[in-house]
Amino acid sequence: MPELPEVETIARDLRPCLTGARIAGVRVHRPDILHQTTPAAFARALRGRRIAVVTRRAKHLVLVLDDGARVVVQPRMTGSLCVTPTRIRDAYAVLELDLGDRGHLVYRDVRRLGVILLLTPRRWATYTARLGPEPLERAFTPATLARALSGRLAVKKAIMDQRRLAGVGNIYANEALWLAGIDPSRPAGGLGEDEVAALHRSIVGVLRRAVRGRGTTIRDYRTGTGQPGTFQGRLAVYGREGEPCLRCGHHLALTHAIDQRATYLCPWCQS
DNA sequence: CATGACACCTGCTCGC
DNA sequence: TGCGAGCAGGTGTCAT
């Protein structure tokens, strides 16, 4: 579920709690979320290690351990992470790390669509190479975006394709395309230079504002401190079908024509 | 290579 | 009130 701003918020919240913490114990409550490893091997690799760095790549949280291994958490639809001072019973807890006097890190995931990976430096290199550029890094320019926008697929699909561009999901794709005044079904490769520039500005702008708002909570998303985000109150189109467009006043529409995902748009000013 | 269908899961909401 | 259908912000795989 969480997109870039949500995972960025979680990473920022967890960073002061986790950086330098030693992993004293590992509890895997739901083994099915561990991919390409077993609970026993996973626990063996983590126990006794220190967490050196807490970071984010695309929509994924990354814990770099002091031996260079990386624990990658993909929360997907309903995953959430937070640190608590003491253990609390939770039917949806999937993984718990005991951090001694630094408390407990809990990964909870109601639908259990999330994934946790343990990657060597070499496998991490392969992993990150498959993901597109980070839209909030300085190196992300309109030219970078233009490279992601090739082909005849819908521009909305293109910006949500994590190999082309990292971190944008359904909510922010809808918002960015509305901000840029671009029809989401337009072929990605057919945008003009000015439209690419507008979309670049919109993507960067909406992601920055959403990070400042600590993410969007529609249902399940919680920050790293267990609270809802605030950006849901500032969405211009997502979830607002039938309501007036904030630019032109026409009724916003909802379709599922692109990849069967909810697409919200203003039929008047996105055409 | 691009695209579409589907699978993975559970909970919530809506309509009857 | 109760029940089934449909829907949900993501990603990987497989067939075409």
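Just so it is clear: chains get the letters A, B, ... in the order the sequence lines come, proteins before strands, and each one is counted from 1.
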> Measure from the side-chain heavy atoms of A/His256 and tell me the nearest of C/dC7, C/dG9, C/dT11.
C/dC7
> A/Arg112 has a side chain; which of C/dG9, B/dT10, B/dC8 sits nearest to it?
B/dT10
> Return the value, rounded to whole Å, for the distance between atom CG of A/Leu153 and atom P of B/dG4.
9 Å
> Minimum heavy-atom separation for A/His60 and A/Leu131, please, with both atom names.
ND1-CD1, 4.4 Å
> How far apart are the closest heavy atoms of A/Asp13 and A/Arg214, and which atoms are they?
OD2-NH2, 2.7 Å
> Taking CZ from A/Arg163 and C1' from C/dG10, how many angstroms apart are they, rounded to a whole number?
14 Å
> Can you tell me how far P of B/dG4 sits from CG of A/Asp259, to the nearest Å?
7 Å
> Which whole-number value in Å describes the distance from A/Arg108 CZ to B/dG11 P?
10 Å
> What's the CD1-P distance between A/Ile33 and B/dT10, to the nearest Å?
14 Å
> Indicate whether OP1 or OP2 belonging to C/dG9 is found under 4.0 Å from a side-chain N or O atom of A/Tyr172.
no
> Quantified in whole Å, what is the P atom distance between nucleotide C/dG4 and nucleotide B/dC9?
22 Å
> Could you tell me whether A/Asp259 and A/Lys156 make a salt bridge, using a distance below 4.0 angstrom between a side-chain N and a carboxylate O?
no
> Side chains of A/Glu6 and A/Tyr172: is there a donor and an acceptor less than 3.5 Å apart?
yes
> Does A/Arg261 put a side-chain nitrogen or oxygen below 4.0 Å from OP1 or OP2 of C/dG9?
yes
> Would you mind checking if A/Glu134 and A/Arg57 are paired as a salt bridge, meaning a charged N to carboxylate O distance below 4.0 Å?
yes
> Using a heavy-atom cut-off of 4.0 Å across all strands, would you classify A/Gly151 as base, sugar-phosphate, or nothing?
nothing
> Check the phosphate of C/dT11 against A/His35, side-chain N and O only, distance under 4.0 Å to OP1 or OP2. Yes or no?
no
> Name the closest nucleotide to the A/Tyr92 side chain, picking from B/dC9, B/dG11, C/dA8.
B/dG11
> Tell me whether the side-chain N or O atoms of A/Arg111 pair up with the base of C/dA8 as donor and acceptor below 3.5 Å, since no angle test is needed here.
yes
> Without decimals, in angstroms, what is the distance between A/Lys156 NZ and B/dG4 C1'?
15 Å
> Taking atom P of C/dT13 as reference, at what distance in whole Å does atom CD of A/Gln36 sit?
9 Å
> The side chain of A/Val110 is closest to which nucleotide in this list: B/dT10, C/dG9, C/dT11?
B/dT10
> Taking the side chain of A/Lys157 as heavy atoms from C-beta outward, which of B/dG4, C/dT11, C/dG9 is closest to it?
B/dG4
> To the nearest angstrom, how far is A/Arg219 atom CZ from B/dC9 atom C1'?
15 Å
> Any idea which of C/dA8, B/dC9, C/dG12 is nearest the A/Gln74 side chain?
C/dG12
> For C/dG6, give its Watson-Crick or G-U wobble partner with both distances under 3.5 Å, or none.
B/dC12
> With rounding to the nearest 0.5 angstrom, report the CZ to OG1 distance, A/Arg234 to A/Thr216.
8.5 Å
> Could you work out which one of B/dC8, C/dA8, B/dA5 sits closest to the side chain of A/Gln260?
B/dA5
> Say we look at B/dC14 and C/dG9: how far apart would their P atoms be, to the nearest angstrom?
16 Å
> Among B/dC9, B/dG11, C/dA8, which nucleotide has an atom closest to any side-chain atom of A/Ala262?
C/dA8
